[in-house]
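If you're wondering where the values come from, they're calculated on a predicted model, not measured in any experiment. Residues take their numbers from the sequence shown, with the count starting at 1. Indexing begins at 1, ligand by ligand and atom by atom, following the structure's order.
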Amino acid sequence: MQPFGDAAIAQAAALIRQGLPVAVPTETVYGLAADATDGAAVAAIYAAKGRPRFNPLIIHVADLAAAERLARFDDRARSLAARFWPGPLTLVLPRRPDSSIAALATAGLDSIAIRVPAHPAMRALLAAAGRPLAAPSANRSGSISPTRAGHVLASLGGRIPLVIDAGPTALGLESTILGLVDGEARLLRPGPIGEAELGFSFAPASGSGSGSGEITAPGQLQSHYAPSKPVRTEATSAGGDEWLIGFGGIEGDVTLSPTGDLAEAAAALFDRLHEAEAQRLPAIAVAPIPKEGLGIAINDRLGRAAAARET
Ligand code: TXA
Ligand code: MG
């Protein structure tokens with residue numbers, strides 16, 4: 001683990017050029033970044049995470065011009081990029097056939113997920129590496145995303161050569177993913193930027209990609225966020241064997257936000273879940289979170305955490 005600074009970025013860029021993945025903070029969660037143009041480097045991400053290779057990665061670039069070399073943008077995509085980049089919005093767009101991205105990074109699809117991150121560490125690494133970086137969340141596949149360098153070490157320690165530490169991430173939830181591949185806008189993953197902010201209505205997301213064989217956002221698989229203990233949502237008090245994560249008026253053993261602030265709750269969510277996993281109590285309960293604004297993305301992640309243990 002290295003604190004974010006010039007030395008850490010230089011070391012990380014050297015590792016990226018050698019084809020190795022490194023963990024780096026973004027404004028959403030910590031990512032595991034590698035050279036997206038190098039198939040072996042991308043394979044090393046899948047191996048470190050234990051991630052199934054049919055689940056494609058988000059490609060991170062420095063700006064819209066770099067993104068336009070990888071994907072076809074229409075006017076709507078361009079205006080969304082102008083409004084929300086750099087920031088926590090991922091666009092899934094038709095992949096340019098001549099793009100330099102390794103096929104493995106997009107799991108062989110003819111679409112590509114791209115975002116321009118805002119965090120200075122990820123931006124510095126993109127500049128120093130001078131190439132697009134594939135970066136999923138820096139955790140073992142199926143576990144809770146990391147919002148601190150310590151979470152990354154607990155999940156991937158010994159499997160990756162470097163974690164850059166810049167403290168807890170500001171937003172705490174993975175980026176909003178918007179699909180724009182077939183003329184229709186689909187919200188593939190709710191996130192920090194809500195539907196109201198995006199400013200238009202969506203065709204229903206076609207789900208997990210099971211059945212038709214079509215992959216939309218495999219992150220939508222119910223099992224994607226699986227804590228090691230059962231999670232009960234909408235809890236107004238704790239059962240005898242439960243660690244209660246409160247919100248607003250429901251105090252709990254700890255709280256997502258004592259004042260009921262949704263941005264504070266989003267930033268704290270994965271940290272509180274990681275903490276809850278470390279308790280002696282065998283089960284986790286979470287207070288109700290309003291299903292509006294950022295609460296939609298928070299409830300989405302909690303719903304997956306709860307569903308993961310039901311099957
Ligand atoms: O905030 C974030 O987006 C973080 C930081 C590190 O940037 N990254 C992240 O990556 O959450 P990951 O791999 O954990 O989630 C990426 C999601 C997956 O659900 C994947 O299936 C979906 O993006 N995805 C990637 N390419 C896609 C594509 N071409 N079509 C549909 N979904 C895609
Ligand atoms: Mg992930």
Run the side-chain donor-acceptor check on residues 290-297: report pairs under 3.5 Å with partners two or more places apart or on a different chain.
{"unit_1": "Lys291", "atom_1": "NZ", "unit_2": "Glu234", "atom_2": "OE2", "d": "2.8"}

Atoms of ligand 1, numbered as shown, that sit under 4.0 Å from any heavy atom of [X]:
| X | value |
| --- | --- |
| Arg115 | 1 (O), 2 (C), 3 (O), 5 (C), 7 (O) |
| Ala113 | 25 (C), 26 (N), 27 (C) |
| Asn55 | 18 (C), 20 (C), 21 (O) |
| Thr28 | 1 (O), 2 (C), 4 (C), 5 (C) |
| His60 | 5 (C), 7 (O) |
| Arg189 | 2 (C), 3 (O), 9 (C), 11 (O), 15 (O), 16 (C), 17 (C) |
| Ser111 | 28 (C), 29 (N), 30 (N) |
| Ser137 | 8 (N), 9 (C), 10 (O), 12 (P), 14 (O) |

Within-4.5 Å side-chain heavy-atom neighbours: Leu198 and Leu89: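 With C-beta onward as the side chain, the pair touches.
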
Close side-chain approach of Thr233 to Asn299, heavy-atom, < 4.5 Å: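 Counting from C-beta outward, Thr233 and Asn299 never come under 4.5 Å.
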
[X]: heavy atom below 4.0 Å from ligand 1, yes or no?
| X | value |
| --- | --- |
| Glu27 | no |
| Met122 | no |
| Ala135 | yes |

Consider every N or O of [X] and every N or O of ligand 1, then say whether any pair is closer than 3.5 Å.
| X | value |
| --- | --- |
| Glu174 | no |
| Thr26 | no |
| Tyr30 | no |

Passing option when His151 is tested against Asn139, Asp271, Thr169 for side chain to side chain donor-acceptor pair (under 3.5 Å):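 The side chain to side chain donor-acceptor pair (under 3.5 Å) with His151 is passed solely by Asp271 among Asn139, Asp271, Thr169.
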
The Mg ion (ligand 2) to nearest N/O/S of Ser137 less than 2.8 Å: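 An N, O or S atom of Ser137 is closer than 2.8 Å to the Mg ion (ligand 2), so yes.
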
Results of side-chain hydrogen bond (donor to acceptor under 3.5 Å, both in side chains) for Glu277 - residues two or more places apart only: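 With neighbours one apart ignored, the set is Ser228.
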
Donor + acceptor pair across side chains of Thr37, Ser100 (<3.5 Å):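 Not at all, the side chains of Thr37 and Ser100 share no donor-acceptor pair under 3.5 Å.
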
Part of Thr106 with heavy atoms under 4.0 Å of ligand 1, whether side chain, backbone, both or neither: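 Neither; nothing of Thr106 gets under 4.0 Å from ligand 1.
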
Side chain, backbone, both or neither: the part of Arg51 lying under 4.0 Å from ligand 1 by heavy atom: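 Side chain only; the backbone of Arg51 stays clear of ligand 1.
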
Worked check of salt bridge (Lys or Arg N to Asp or Glu O under 4.0 Å) between Glu174 and Arg115: CA-CA 12 Å; Glu174 306 90 338; Arg115 85 178 185 98; over 6 Å; no

For atom 26 (N) of ligand 1, the option (of Pro25, Pro56, Ser175) bearing the nearest heavy atom: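 Of the listed residues, Pro56 has the closest heavy atom.
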
